[in-house]
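Reckoned from all heavy atoms, side chains included, excluding hydrogens, waters and symmetry mates. Keep in mind the model is a prediction, meaning the values are calculated, not measured.
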Amino acid sequence: MSYTGKVTVGGAADVHELTDLMISKVAVGPMNNNAYLLRCRATDEQLLIDAANEPHTLLTLVGPDGITSAVTTHGHGDHWQALAPVVAATGARTYAGRADAADIEVPTDVLVDDGDTITVGRIPLTARHLVGHTPGSIALVYDDPHGHPHVFTGDCLFPGGVGNTWGDAERFTSLLHDVETKIFAELPDETWVYPGHGDDTTLGAERPHLAEWRERGW
């Protein structure tokens, strides 16, 4: 079956099989958080994005090969509730945006800045620092040499808008600016978007609505 990105808490993972990378998406916890397991096909090395909740579910997804890295997209607690047990079980190296690391109750081994590269096996992921939902949110971009790019946006970009900025005009303006300049301006419409909650989307589906988002202010 082809990948849809539609997952439910308690349900099976959906797997996006690319030429060099396998992406497994699972929904966990009371806030319907998405966690993503990336597996390099050449080396079988694995990386987990957002150990959000349900450590047993995540460790079952990871399997006996373990993970070498665990990346947290931002400091909000619903995105790292399972990080401590996952790291304890796997010994994974932890990554988070520099400005959010202090909000994560698991030590961050590698502080991530805009433009940094995080690798899983032979796969490079480029971090983009997006300010507004939190001070240190990061997105991860995989520019697939065999196809279109893929971007893991945490809570910074969803179908229908950018992430929550709680009515703060300055934070909203910052987040929309960063998403426009670092994601939409640099990546094509075919780019697949994997958000921190809910269904996936593409930049092409969202791009026509940027002016509408700016007008409504959220």
What's in the same ILVMFWY side-chain cluster as Leu176, cut-off under 4.5 Å, chained through other members?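 Besides Leu176, the hydrophobic cluster comprises Leu130, Val141, Val151, Leu157, Val162, Phe172, Leu175, Val179, Ile183, Phe184, Leu187, Val193, Leu203, Leu210, Trp213, listed by chain and residue number.
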Only counting residues at least two apart or in another chain, list the ones meeting side chain to side chain donor-acceptor pair (under 3.5 Å) with [X].
X: Arg214; result: Glu180
X: Lys182; result: none
X: Asn53; result: none
X: Asp178; result: none

Go through the steps for Asp155 and His79 under the test side chain to side chain donor-acceptor pair (under 3.5 Å), then give the verdict. CA-CA 10 Å; Asp155 282 1; His79 287 259; 3.0 Å; yes
Per the side-chain hydrogen bond (donor to acceptor under 3.5 Å, both in side chains) rule, what does the pair list look like for residues 158-175, sequence neighbours excluded?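 The answer is none; no pair qualifies.
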Cut-off 3.5 Å, no hydrogens considered: what does the side-chain donor-acceptor table look like for residues 115-123, sequence neighbours left out?
unit_1: Asp116; atom_1: OD2; unit_2: Asp113; atom_2: N; d: 2.8

What's the verdict on side-chain contact (heavy atoms from CB on, under 4.5 Å) for Ile67 and Val86, showing C-alpha distance, side-chain angles and the deciding distance? CA-CA 9 Å; Ile67 54 174; Val86 165; 3.8 Å; yes
For residues 94-114, the ring pair (Phe, Tyr, Trp, His ring centres under 6.0 Å) pairs (sequence neighbours left out) are none
Applying ring pair (Phe, Tyr, Trp, His ring centres under 6.0 Å) as the test, list every pair that has at least one member in residues 104-129; sequence neighbours left out. none
Going by side-chain hydrogen bond (donor to acceptor under 3.5 Å, both in side chains), Arg128 matches just one of Thr153, Asp114, Thr181. Which one? Asp114
Greater than 12 external heavy atoms within 6.0 Å of His56's NE2: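 Open: at most 12 neighbouring heavy atoms sit under 6.0 Å from NE2 of His56.
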Could you tell me whether Glu215 atom CD has more than 12 heavy atoms of other residues or ligands within 6.0 Å of it?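 Counting neighbours around CD of Glu215, 12 or fewer heavy atoms of other residues, nucleotides or ligands fall under 6.0 Å, so no.
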Within-4.5 Å side-chain heavy-atom neighbours: Thr72 and Asp50: yes
Checking the side chain of Glu206 only, and the main-chain atoms of Gly160 only, is there a donor and an acceptor separated by less than 3.5 Å?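 Yes, the answer is positive, given that a donor and an acceptor are paired below the 3.5 Å cut-off.
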Residues passing the ring pair (Phe, Tyr, Trp, His ring centres under 6.0 Å) test with Phe152, sequence neighbours excluded, are Tyr36, Tyr194
Could I get the full list of ring pair (Phe, Tyr, Trp, His ring centres under 6.0 Å) partners for His148, not counting sequence neighbours?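 Partners of His148 by the ring pair (Phe, Tyr, Trp, His ring centres under 6.0 Å) criterion, ordered by chain and then number, come out as His150.
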Salt bridge flag under 4.0 Å for residues Arg41 and Asp20: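 The answer is no: the pair does not qualify as a salt bridge.
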Sequence neighbours excluded, which residues qualify as salt bridge (Lys or Arg N to Asp or Glu O under 4.0 Å) partners of Glu105?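 None.
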